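Remarks on the structure that follows.
All values derive from a computational prediction rather than experimental measurement.
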Amino acid sequence: MKEQESGLLQKIWNFCASIKLAIVVLLLLAITSIVGTVLPQEDAKAIQFLAKVVGDNTAPTLYNIFVTLDFMDMYHAWWFKLLLFVFCINLIVCSLDKLPRVWHIIQTPLHPLEEHVIKNLQIKKELKVKASIQVARDEFLNTLKSKKYQPLEATEGDSVQMYSQKGRYTRLGVYIVHLSILLIFVGALVGAQFGFDGYLNLPEGSSSGSIYTFDGKTIPLDFMVKCNWYNTTYYEGSYRPQEFQSELVVIEDGKEVLTKAIEVNDPLTYKGITFYQSNYGSALQMYPNISYYPSSFGKIPIGLGAFILNMTPEGGQPQTIRLQYGESFQIPGTGIKGTIADFSPALSRDPGTNILYTFDDQMMEPAIAIQIEEPGKAPYTGWFLQRHPETWLLDGGHSIEFVEYWGMEYTGLQVSKDPGVWIIYLACIIMSLGLYVTFFMSNKKIWVRLVNEKNSVSILIGGSATKNRLSFEQEIESILSKTSEAIEARSTK
């Protein structure tokens with residue numbers, strides 16, 4: 001019975017230590033990770049992506065299959081965690097299976113070798129010099145020590161043998177890499193178990209104490225995050241965004257504790273939660289039931305947003321004001337009165353009909369129409385475009401700068417918390433060390449056998465290295481050359 005149990009345990013052990021198992025699990029992890037990386041983890045985007053790949057008819061069916069298989073949140077799926085767990089077990093058992101033998105090799109002392117064994121090593125060199133064996137011995141000792149070897153000696157009759165090794169612990173390099181891989185998986189599991197990914201859309205001037213996951217859950221924060229302002233810059237002469245930024249403020253216990261302007265590759269992190277600049281859009285999308293003023297060119301919500309203007313009289317200082325639709329203002333000291341009469345988020349002119357129209361609902365070319373009343377002149381209405389200063393000028397050198405429609409855009413933030421990221425950083429450092437030891441360092445063993453002959457010494461050098469044999473052969477040639485020169489120099493004195 002005990003033999004049967006022992007045989008079963010051995011089979012389980014061999015299965016867990018199997019290289020075939022490692023290859024299969026690695027392939028499954030690679031394939032599923034590719035799917036999880038390519039497939040957007042948001043429902044709407046996933047369906048759009050699948051429709052492009054397999055067509056509109058097949059996309060819903062394939063999407064439902066992916067939902068059933070947990071591919072829409074695969075890094076938290078039980079089967080993905082199981083794959084990681086199996087791979088960890090495989091890696092641990094493989095290491096434990098081979099490590100005792102490697103450790104035994106490391107701990108085994110180096111011994112002198114017979115002449116015929118040295119001649120059968122990977123690298124061997126022979127030479128005869130005119131000198132005493134004591135001189136040859138002394139110079140080899142000096143050279144080997146200069147190369148960081150700590151040679152031992154064995155004497156037999158008229159011969160002396162020196163032998164040494166260095167880099168014995170480099171054999172553990174692969175296990176350092178194994179440890180780093182395990183730490184990466186631990187970090188990933190910690191992140192998946194205790195972290196989250198979500199989003200937050202904040203209109204300018206608004207704040208929130210919660211973020212939202214892509215599957216609709218609300219995650220409360222123990223602080224508030226506020227968007228002071230949002231800004232998009234475009235490539236000159238085009239409507240293609242060049243850069244978009246937000247200024248975020250962290251508010252805790254009623255006090256502002258952190259303020260930072262973020263952009264795509266420069267996020268804000270507070271208490272382990274990172275806010276990435278992800279996207280942007282019109283705040284109108286967030287308030288579908290809001291009431292609007294009548295407008296010919298764009299939606300002007302009641303009570304949402306404010307037009308920011310800079311009024312500058314000829315030779316005077318600019319004055320900044322905030323207005324709602326329909327409100328009036330007067331340029332100081334001029335008697336010129338203006339009233340906001342209309343708005344377009346993206347104003348353009350049809351080259352065929354010369355008629356103004358709105359070509360997009362995003363703030364690509366925002367413009368406001370202002371009815372101007374000047375003393376002694378008939379009222380007229382002009383368009384003031386935010387990105388075109390030449391439209392701000394009035395007769396007499398006065399100007400009305402359309403700064404922005406503040407509060408009408410939201411900053412789209414991707415929010416994530418990954419408490420396992422520091423474990424992964426540590427793992428990456430350990431892996432770099434392990435890879436360097438594994439691929440660029442080796443265990444080198446060297447034997448030097450000196451045989452006293454009549455007025456000369458016969459030299460036989462042999463060595464072996466676990467890797468980088470060519471480099472080690474060059475090192476042995478260097479040892480032989482340096483020692484020969486030293487012996488010759490002593491002989492001529």
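A side-chain donor-acceptor contact under 3.5 Å links Ser180 to the backbone of Val177. A side-chain donor-acceptor contact under 3.5 Å links Thr438 to the backbone of Val174. Remark: the backbone N or O of Glu477 is not paired with any side-chain donor or acceptor of Ser481 at under 3.5 angstrom. Asn90 places a side-chain N or O within donor-acceptor distance of the main-chain N or O of Ser18, the cut-off being under 3.5 Å. No donor-acceptor pair under 3.5 Å is formed between the side chain of Lys260 and the backbone N or O of Thr269. Judged by distance alone, the side chain of Arg469 and the main-chain N or O of Gln122 form a donor-acceptor pair under 3.5 Å. Of the possible donor and acceptor atoms, one in the side chain of Ser164 sits under 3.5 Å from a partner among the backbone N and O of Gln150. Side-chain atoms of Ser206 do not come within 3.5 Å of backbone N or O of Leu202 as any donor-acceptor pair. A distance-only check finds no donor-acceptor pair linking the side chain of Glu247 to the backbone of Ala261 [under 3.5 Å]. In this structure a side-chain-to-backbone donor-acceptor pair under 3.5 Å is present from Asn14 to Gln10.
When side chains are defined from C-beta on, Ile118 counts as touching Gln161, because their heavy atoms get closer than 4.5 Å. Here the side chains of Lys125 and Glu473 are in contact, with some heavy-atom distance below 4.5 Å. Residues Glu488 and Val129 are not in side-chain contact: their nearest non-hydrogen atoms beyond the backbone lie 4.5 Å or more apart. For the pair Ile181/Leu91, a side-chain contact is recorded, criterion being any heavy-atom separation below 4.5 Å from C-beta on. In this structure the side chain of Tyr199 never reaches within 4.5 angstrom of the side chain of Leu413, judged on heavy atoms. The closest side-chain heavy-atom distance from Lys130 to Asn455 is not below 4.5 Å. Taking 4.5 Å as the limit, some side-chain heavy atom of Phe196 sits within range of a side-chain heavy atom of Val415. Thr320 places none of its side-chain heavy atoms less than 4.5 Å from the side chain of Val403.
Below 30°, between 30° and 60°, or above 60°: for Phe223 and Phe275 the angle between ring planes is above 60°, a perpendicular geometry. Ring geometry for Phe244 against Tyr230 counts as tilted: the plane angle lies between 30° and 60°, on a 0 to 90° scale.
Contact between Ser210 and Pro220 at its shortest, heavy atoms only, is OG-CA, 3.8 Å. Closest of all the heavy-atom pairs between Cys94 and Ala17 is SG-O, 3.1 Å. Scanning both residues, Trp447 and Ser464, for their nearest heavy atoms gives CZ3-OG, 4.4 Å. Annotation for Thr466 and Ser442: closest pair OG1-CB, 3.2 Å, computed over non-hydrogen atoms. Counting all heavy atoms, side chain and backbone alike, Asp56 lies closest to Ala51 at OD1-CB, 3.2 Å. For the pair Leu113 and Val117, the tightest heavy-atom approach, listed with the atom from each and the gap, is CD1-CG1, 3.9 Å.
A donor and an acceptor atom, one from each side chain of Thr170 and Lys467, are nowhere located under 3.5 Å apart. With hydrogens and angles left out, the side-chain atoms of Gln362 and Tyr239 include no donor and acceptor closer than 3.5 Å. At a cut-off of 3.5 Å, with distance as the only test, a side-chain donor of Gln277 or Thr411 sits close to an acceptor on the other residue.
The pair Glu139-Lys482 does not meet the salt-bridge criterion, since no charged nitrogen lies less than 4.0 angstrom from a carboxylate oxygen. A salt bridge does not link Glu475 to Lys147: none of the charged side-chain nitrogens sits closer than 4.0 Å to a carboxylate oxygen.
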Given Leu96 and Trp13, is the side-chain contact (heavy atoms from CB on, under 4.5 Å) satisfied, shown in steps? CA-CA 10 Å; Leu96 293 177; Trp13 180 268; 4.0 Å; yes
Would Thr143 and Thr483 count as a side-chain hydrogen bond (donor to acceptor under 3.5 Å, both in side chains) here? Give the steps. CA-CA 6 Å; Thr143 305; Thr483 308; 2.9 Å; yes
Run the numbers on Leu268 and Val250 for side-chain contact (heavy atoms from CB on, under 4.5 Å), then give the verdict. CA-CA 10 Å; Leu268 177 148; Val250 176; 3.9 Å; yes
Trace of the side-chain contact (heavy atoms from CB on, under 4.5 Å) decision for Tyr234 with Met364: CA-CA 9 Å; Tyr234 295 86; Met364 292 184 178; 4.2 Å; yes
Evaluate Leu284 against Asp361 for side-chain contact (heavy atoms from CB on, under 4.5 Å), listing each step before the verdict. CA-CA 9 Å; Leu284 295 174; Asp361 58 358; over 6 Å; no
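Atom NZ of Lys271 has more than 12 heavy atoms from other residues, nucleotides or ligands within 6.0 Å. Taking a 6.0 Å sphere around CG of Asp222, one finds it holds more than 12 heavy atoms contributed by other residues, nucleotides or ligands. Within 6.0 Å of CG on Asn64 lie more than 12 heavy atoms contributed by other residues, nucleotides or ligands.
Qualifying side chain to side chain contact (heavy atoms under 4.5 Å, CB included) partners for Gln165, counting only residues two or more places apart in sequence or in other chains: Leu110, Arg168, Asn443, Lys445.
The line from CZ of Phe185 to CD1 of Ile423 is 14.0 Å long, rounded to the nearest 0.5 Å. Note that CD1 of Ile476 is 10.5 Å distant from OG of Ser471, once rounded to the nearest 0.5 Å. Here the OG-CD1 distance, from Ser159 to Ile133, works out to 6.5 Å after rounding to the nearest 0.5 Å. One finds the CE atom of Met363 at 5.0 Å from the CD atom of Glu409 (value rounded to the nearest 0.5 Å).
Applying the ring pair (Phe, Tyr, Trp, His ring centres under 6.0 Å) test to every pair with at least one member in residues 105-146, sequence neighbours left out, gives no pairs at all.
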